Amino acid sequence: MATPQLEKTYNPKAVEDRWTRAWIARRYFHASPDHPGKPYCIVIPPPNVTGSLHVGHALNHSLQDILIRWRRMQGRNTLWLPGTDHAGIATQNVVEKQLMAEGLSRESLGRERFVERVWQWKAASGNTIINQQKQLGESCDWDRLRFTMDEGLSKAVIEVFVRLYEDGLIYRGERLINWCPRCLTALSDIEVEHEDIKGKLYHIRYPLTDDPDTVLVVATTRPETMLGDTAVAVHPDDPRYRHLIGKKVRLPLTTREIPIVGDRILVDFEFGTGAVKITPAHDFNDYEAGERHGLTRLAVLDHAALLDAAGMQQAAVEPSVIEMLRGLPVSKARPKVETLLRERGILATTEDHKMAIGKCYRCKTVVEPYLSPQWFVNIKPLAEPAIKAVEERRIRIVPESWVNNYLGWMRDIKDWCISRQIWWGHQIPAWYCLACNGRQIITADGRTTILPGAVPIVSKSAPTRCPSCGSTDLLRDPDVLDTWFSSALWPFTTLGWPDQTPELKTYYPTSTLVTGLDILFFWVARMVMMGLKFMGDVPFKDVYIHALVRDAEGQKMSKSKGNVIDPLHVMDQFGTDALRFTLASMASPGRDIKLAEERIEGYRNFANKIWNAARFALMYLDGPRTALPPGQRTFPDRWILSRLGHAIRAVTAELESYRFDRAATVLYQFIWHEYCDWYLELIKPVLQAPEHLDGASTRHTLVETLETTMRLLHPFMPFITEEIWQTLPRQGDSIVLQNYPVLDQDWVAPDVEQHFSLLEHTVGLTRTGRALLNYPPGQQIPFHVGHDDPNRQNQLHQLQRHLAHLSRGTAEVSSPCDWPAVRLLRLVTEGLSVGIGVSGDVDLKKAIERLAKQIMETDKELQRVDGKLKNLEFVSKAPPEVIAEHQGRVQTLSRDRVLLADSERQLRAMLAV
RNA sequence: GGGCGAUUAGCUCAGUGGUAGAGCGCUUCCUUCACACGGAAGAGGCCACAGGUUCGAUACCUGUAUCGCCCACCA
C-alpha cells in the first residue's frame with residue numbers, strides 16, 4: 001500500500017496559485033487560427049476597466065469558462081477573448097473623484113492633461129479585474145487582451161462612425177435628450193433608470209386674457225417649469241374646454257400670454273383637470289406637442305439643472321421671481337414656487353400623486369430633459385436586419401423567453417444618442433471650419449457650444465483645411481462617443497477588423513455570447529445591429545442569458561446595503577472551485593440567484609470529498625492493474641462504469657442546452673453518492689485483501705473511473721481536478737489539454753444496474769432494521785433475505801457477499817417462507833423481504849413497541865386521507881399482486897415499507913406485546 | 001399602463017400528466033483503517049388559492065392573490 005501523497009484536507013489556496021501561473025506560463029489557452037478543429041469562440045463581455053470582480057462577474061465568467069474548457073477538451077479550436085471596457089462616464093467619474101481629493105478638477109487640468117491622467121490611472125489600476133479573473137481560473141487567451149480604447153479598436157470605431165455617417169445613418173441635431181446635470185452629459189434613453197416616487201399634482205389657475213375672471217386650471221407635477229410654458233393644451237373633444245381653443249391665457253409669474261391649443265395626443269381629459277401646460281424645453285411629451293403646434297422652446301433650467309436667470313429673463317418672468325429663484329436647484333425652487341403660487345391665490349389645490357423620475361445609471365442623479373445639439377444614430381435601418389436575424393433563429397436566444405423582449409424593444413427602437421459631453425472616450429471624428437461656421441460656434445464660461453446649424457466635416461483623419469473655404473482654422477467636435485458604441489463593435493474589432501485578419505475569418509461569427517439580461521439592450525442588441533451592418537453576418541450564434549445574482553434575502557447586492565458577497569473573499573475562504581461550482585449549480589434559467597454562503601460551504605465540502613476519494617484511490621495505485629475486457633470486470637466495476645456512462649451522457653447533454661445547474665447536479669450525485677458512497681464501499685473488501693482475485697481488475701477500474709471523472713468535472717472545478725489528475729497515471733502534461741470523456745458503449749449495463757438496485761434496496765432495509773433495533777454499530781447483525789421472484793432470489797445469492805459487507809452482518813439468502821419465524825423482524829418492500837435476527841441481548845419488546853408506534857401513526861395518517869386508501873397498494877411500493885397475496889396480514893409501516901406477519905394473529909400478537 | 005417570471009420541505013431551489021426530489025438546516029446513532037468539510041438512519045410538504053380538461057393535475061387551460069423583474073411620456 002502506498003503512502004498517501006495528498007493532505008487529509010484539500011487546501012485550495014496553494015493549488016490554485018500554482019496552476020493559475022502554470023497554465024498561463026505554458027500558454028495552454030492560446031488560440032490560433034491555424035490550430036485544428038472546428039472553431040469555438042466567445043468574446044468576453046468586457047468588464048469596466050474601473051471594476052473589480054463582483055459576484056455577477058464571477059457567475060458570468062464561470063459559465064463562460066465552463067463552456068470554453070469543455071469545448072477545448074472536445075478538440076475545438078477554442079478562443080476566449082478577454083478585454084476591458086473604457087467605461088466612459090464611470091471611469092471619468094473615478095478619476096475626477098481622485099482629483100477632487102487632491103483639490104483639483106478636470107477643468108483646472110484641461111482636457112489633454114486630464115485624459116493623460118486617466119491613462120495613468122488605467123496603467124496603474126486597470127489590471128485589477130484582469131488579475132482577479134485569472135484567479136478565478138479563467139482560461140482566456142491572455143495574449144489577446146483588448147481594451148476598447150486600444151489603438152486598433154479606436155481606429156475601427158472611427159471607421160464605423162465615418163461609414164455610418166456617409167451612409168446617412170449618423171446625423172447631428174438639436175433634440176430634447178436625457179441630461180445628467182451632475183455628469184454634465186447627454187445620456188441615451190436606456191441609460192436612464194426609472195424610479196417611482198410620491199410627488200404632488202399641482203393644480204394651477206391660468207386666467208384667460210380676454211376674461212380674467214375665468215381661469216383654466218392646469219395640472220402639473222413640476223410647477224417650477226411653468227415659467228417655460230409656451231401653451232396650454234386641452235382635448236379638442238372636451239366639452240368643458242373646446243370652446244377655449246384659440247384663446248389665450250396669461251402665464252402667472254410672467255408677463256407672457258400663451259395660447260390654448262387642442263391636442264388629442266397629449267391630453268387625456270380624464271386625468272387631472274383635463275388641461276395640460278406645455279413646456280417644450282423641459283418635457284419629452286411637451287417637446288413633441290411643441291413641434292406639432294409650432295411653439296417656441298423656452299429653457300428656464302441651465303445645464304446643471306439650476307434655474308437660469310438668462311433663460312427666465314427670456315421667458316419674461318417677473319424680475320422679483322427671477323431674483324428669488326436664480327441659481328436654485330429644482331428641489332429648492334419647487335417649494336418656493338409653490339409658496340408663491342399659494343400666496344397669490346393661484347394654486348387651486350394639490351394632491352398626492354405617484355410619479356416616475358429618471359436617474360442617471362452612473363451616478364443616480366435625477367436626469368433632466370435638456371435641449372441640446374447631439375449626434376444620433378438613425379437606428380431603424382440597422383434594427384430591421386437585427387430583428388430578422390432573431391426571428392429567423394440565425395441567432396438563438398437561450399432561454400427563449402427573452403426573444404419577445406428583444407424583438408419588442410427592437411421594433412420600437414428610438415434613435416440612439418451617441419454623443420457624450422465628457423472627455424474620456426473616443427472623440428467624435430468631426431471638425432468645424434471656424435471661418436464658415438463663425439456664428440454657429442459659441443464659447444462661453446469655458447464651454448464650447450456648437451449650434452445645430454454648424455456644418456461638420458467628418459473624416460477618418462484630421463483635415464488640414466476646410467474643403468469649402470480652405471481655412472485652416474478648424475475645431476474638432478469636443479464630444480466623445482457613448483461607451484456602448486465601441487462595445488457594439490467588440491465581436492469583430494477585437495479580431496482585427498477592419499483588417500481581414502485570419503482571426504476574423506476563423507472566429508467570426510463567434511459561437512456563444514454569455515451575458516446578463518441587464519445589458520441585453522445596451523450591448524447585445526447593438527452588437528447584432530453592428531455585426532450585421534459591418535460584417536454582413538451575425539456576431540454570435542447563441543446568446544445565453546443568465547440571471548442576476550442577489551443576496552440570500554433576494555436583495556440586489558449593493559455596497560450601500562452592505563450585503564455584497566465578495567467573490568475574492570469567498571474564493572479565499574472556500575476555494576475557487578467551490579464558488580464556481582456553486583454558481584454553476586444555481587444557474588437555472590429564468591430565476592434570479594439568491595446566493596448564500598452556506599451553499600458555497602456545501603460545495604467546499606464536495607471538493608474535500610473528491611479530494612479524499614482521490615486519496616483513497618491513490619493508496620491502491622501501486623498494486624498491479626490490468627485492462628480487462630468488460631466481461632471480466634467485477635459486478636461493482638461494471639456498475640460504476642455504467643453509471644459513469646450515464647453521467648458523461650447527461651453532463652454533455654445538459655451543457656449543450658446550457659443547463660449548467662443540471663450538469664452540476666449530475667456530477668455531484670455521481671461523484672458523491674455513486675462513486676464514493678456505494679462504489680468505494682463496495683470494493684473495499686477487494687482492495688483490502690491483497691491477494692484478492694479481483695484486485696487487479698478493481699484497481700484498474702478504480703483509477704480509470706477517477707481519471708475519467710476528473711476530466712468530466714474539470715470545466716467546473718479546474719483546480720482540484722488538475723491537481724488530482726497530476727497524481728494519477730496519465731499521458732500528457734495537463735488535464736486542460738485532455739479529451740472530454742465520451743460514452744463508451746461497452747460500459748452500458750442495464751442488467752448490472754438492475755442488480756445493483758436490488759442490492760441497494762436490500763442494504764437499505766437491513767440498515768433500517770438495524771436502526772430500529774438499536775443494534776450497536778460494531779455488532780454484526782444476522783439477517784435473511786429473500787424475494788418472491790425466483791430470478792431475483794438468484795440475484796440475491798450472487799450479491800450475498802456484498803450484502804454481508806455493506807450491512808455489516810451475516811447474510812443468509814433463503815426463500816421468504818422458510819425463515820425461522822421466531823424472533824425475526826421482517827421488513828418487506830417490492831417483494832423483497834429482509835428478516836433480521838434478534839439476538840438475546842436486544843430488547844425485542846422495545847423494538848416491537850417502536851414499530852407498533854410507527855404503525856399506529858401511519859394508520860392515523862391513512863385515516864385522515866379518508867378511506868381512500870383501503871387498498872394498501874396505494875401506500876406500498878409493493879406490487880399489487882404481492883399485496884393481494886398478503887391481504888389481511890399486511891400493515892403499513894410507512895408509506896413505502898410494509899410490515900409483514902405470517903398471519904393476522906401473529907401481527908396482532910406482535911403489536912400487542 | 002403593457003409584458004414576463006415566480007409561488008413545491010425550516011431555508012435556497014430542481015422536477016414530472018400517474019406513489020413528491022436535491023442541497024443546506026434539524027433529530028438520533030457512530031470518531032470503523034479516504035473524508036466528522038465524514039458515515040448511517042430519520043423527522044418534515046392539501047406542490048399559493050379557486051374553477052376547468054382528464055380515469056388521474058403539483059404539472060395542461062382559465063381566473064384570483066401575493067412577490068419580483070423588464071418596458072412605458074400619462075401631465
Side-chain angles (χ1 to χ4, degrees), chain A residues 1 4 6 8-10 189-190 194 201-202 218-222 233 265-268 270-279 283-289 353 355-356 358 369 399 401-402 404-405 408-409 412 517-518 520-521 547-548 550 552 554 556 574-575 578 582 585-586 588-620 659 661-662 665 668-669 672-673 676-677 680-681 684 688 763-764 767-772 774-778 808 854 864-865 869 873-877 894-896:
Chain A
M1 196 190 287
L6 305 178
K8 192 170 171 184
T9 304
Y10 175 57
D189 295 340
I190 51 177
H194 293 275
L201 197 56
Y202 300 81
V218 302
T220 179
T221 54
R222 303 196 57 188
I265 298 173
L266 183 66
V267 183
D268 165 9
E270 312 233 314
F271 186 89
T273 61
V276 190
K277 67 193 209 46
I278 302 183
T279 323
D283 182 280
F284 288 100
N285 289 320
D286 294 8
Y287 176 85
E288 288 185 4
H353 180 65
M355 56 191 263
S401 51
W402 297 111
N404 285 335
N405 232 348
W409 189 75
D412 193 33
L517 74 115
D518 49 334
L520 181 62
F521 304 138
L548 237 58
R550 299 168 177 281
K556 212 167 175 170
F574 299 118
T582 307
S585 73
M586 297 183 85
S588 305
R591 194 194 275 258
D592 284 346
I593 297 175
K594 292 188 205 169
L595 188 63
E597 286 205 1
E598 298 79 61
R599 192 67 179 250
I600 306 167
E601 192 180 350
Y603 289 117
R604 187 270 318 262
N605 297 351
F606 178 49
N608 196 55
K609 186 76 179 176
I610 297 167
W611 186 255
N612 276 289
R615 285 179 68 220
F616 177 78
L618 285 173
M619 294 197 304
Y620 302 101
R659 290 303 302 263
D661 59 325
R662 294 212 276 217
T665 305
Y668 188 94
Q669 190 68 27
W672 198 311
H673 297 302
C676 293
D677 284 353
L680 294 186
E681 293 307 323
K684 271 180 183 173
Q688 287 163 1
V763 170
R767 285 172 177 169
T768 305
R770 178 187 279 277
L772 285 171
N774 280 337
Y775 256 88
R808 269 174 291 125
Q854 286 204 19
R864 226 177 337 116
V865 197
L869 299 171
E873 59 264 33
F874 283 102
V875 289
S876 165
K877 280 190 172 174
S894 72
R895 280 183 187 211
D896 56 359

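Nothing here was measured: the structure is a model prediction, and the numbers come from that model. Every chain is numbered from 1, with letters handed out A, B, ... down the list of sequences.
For G38(B), the OP1/OP2 oxygens have a side-chain nitrogen or oxygen of N605(A) closer than 4.0 Å. The side chain of K684(A) contributes an N or O atom lying less than 4.0 Å from OP1 or OP2 of A34(B). Regarding contacts with the backbone of G38(B), every side-chain N or O of H673(A) stays at 4.0 angstrom or more from both OP1 and OP2. Under 4.0 angstrom from either OP1 or OP2 of A14(B) there lies no side-chain N or O belonging to Q669(A). Checking the phosphate oxygens (OP1, OP2) of C74(B), no side-chain nitrogen or oxygen of R222(A) falls inside 4.0 Å. For A14(B), one of the phosphate oxygens OP1 or OP2 lies less than 4.0 angstrom from a side-chain nitrogen or oxygen of S588(A). When the side-chain nitrogen and oxygen atoms of H194(A) are compared with OP1 and OP2 of C71(B), none of them lie within a distance under 4.0 Å. For the OP1/OP2 pair of G42(B) and a distance below 4.0 Å, the side-chain nitrogens and oxygens of R767(A) include no atom meeting the criterion. Contact annotation: W672(A) side-chain N/O to G39(B) OP1/OP2 distance is under 4.0 Å.
Across all strands, K277(A) comes closer than 4.0 Å to no nucleic acid atom at all (heavy-atom distances). Nucleic acid contact for Y668(A): sugar-phosphate only, since backbone atoms but no base atoms lie under 4.0 Å from a heavy atom of the residue. Using a 4.0 Å heavy-atom distance criterion, V267(A) is classed as a base contact. Residue G575(A) is out of contact with every strand shown, counting any heavy-atom pair closer than 4.0 Å. Counting non-hydrogen atoms under 4.0 angstrom, F284(A) reaches nothing in the nucleic acid. Nucleic acid contact class of L266(A) (heavy atoms, under 4.0 Å, all strands): base. Residue D677(A) is in sugar-phosphate contact alone, with no base atom involved, counting any heavy-atom pair closer than 4.0 Å across all strands shown.
Comparing the same atom, C1', in U31(B) and in A36(B) gives a spacing of 7 Å after rounding to whole Å. Taking atom P on both nucleotides, G10(B) is separated from U53(B) by 33 Å, rounded to a whole Å. On the P atoms, C13(B) is 15 Å away from A48(B), given to the nearest whole Å. Comparing the C1' positions of U66(B) and A50(B) gives a spacing of 15 Å, expressed to the nearest Å. Rounded to the nearest Å, the gap between the C1' atom of C73(B) and that of U62(B) is 34 Å. When the P atom is used for both U58(B) and A20(B), the distance is 10 Å, rounded to whole Å. Rounded to whole Å, the separation between the P atoms of G52(B) and G38(B) comes to 50 Å. C61(B) and U16(B) have their P atoms separated by 14 Å, given to the nearest Å.
Each of H353(A) and N405(A) was matched to the nucleotide of RNA chain B holding its nearest heavy atom; the match closer to the 5' end belongs to N405(A).
Side-chain atoms of Q688(A) lie closest to A34(B) of the nucleotides C71(B), A34(B), G39(B). The F616(A) side chain lies nearest to A34(B) when the options are U32(B), A34(B), A75(B). Side-chain proximity of D268(A) to C74(B), A34(B), G23(B): nearest is C74(B). Nearest nucleotide to the R662(A) side chain, out of U12(B), A34(B), G15(B): G15(B). Between A75(B), G23(B), A36(B), one nucleotide has an atom nearer to the side chain of T221(A) than all others, and that is A75(B). Comparing A75(B), C71(B), C35(B) by their closest approach to the side chain of T220(A) singles out A75(B). Side-chain atoms of T9(A) lie closest to C37(B) of the nucleotides C37(B), A34(B), A75(B). For N608(A), taking side-chain heavy atoms from C-beta onward, the closest of the listed nucleotides C35(B), C70(B), A75(B) is C35(B). Comparing A34(B), C70(B), C73(B) by their closest approach to the side chain of N285(A) singles out C73(B).
Rounded to an integer number of Å, the gap from F606(A) CZ to G38(B) P is 12 Å. Going from atom CG of D412(A) over to atom C1' of C71(B) covers 9 Å, rounded to whole Å. Between D286(A) atom CG and A75(B) atom P the separation is 11 Å, expressed in whole Å.
Distance CZ/R222(A) to NZ/K277(A): 8.0 Å, rounded to 0.5 Å. Between the CZ atom of R659(A) and the OG atom of S588(A) there is a distance of 5.5 Å, given to the nearest 0.5 Å.
Using Watson-Crick or G-U wobble geometry with both donor-acceptor distances under 3.5 Å, G38(B) finds its partner in C30(B). Pair assignment for G44(B): none, as no Watson-Crick or G-U wobble contacts are both less than 3.5 Å. Under the Watson-Crick and G-U wobble criteria, each requiring two contacts below 3.5 Å, nucleotide C73(B) is left unpaired. With a cut-off of 3.5 Å on both Watson-Crick or G-U wobble distances, the partner of U66(B) is given as A6(B). For G18(B), the paired nucleotide is C55(B), the pair qualifying as Watson-Crick or G-U wobble because both relevant distances are below 3.5 Å.
The aromatic ring centroids of Y668(A) and F606(A) lie less than 6.0 Å from each other.
Applying the 3.5 Å distance criterion, the base of C37(B) shares a donor-acceptor pair with the side chain of R604(A). Evaluation of atom-type donor-acceptor distances gives no pair under 3.5 Å for the side chain of K609(A) against the base of C37(B).
Within the 4.5 Å cutoff, the side chain of T582(A) has no heavy atoms near those of the F574(A) side chain. Here the side chains of Y603(A) and K609(A) are not in contact, with every heavy-atom distance at 4.5 Å or above.
Note: H353(A) and F271(A) have perpendicular aromatic rings, judged against thresholds of 30 and 60 degrees for the angle between ring planes.
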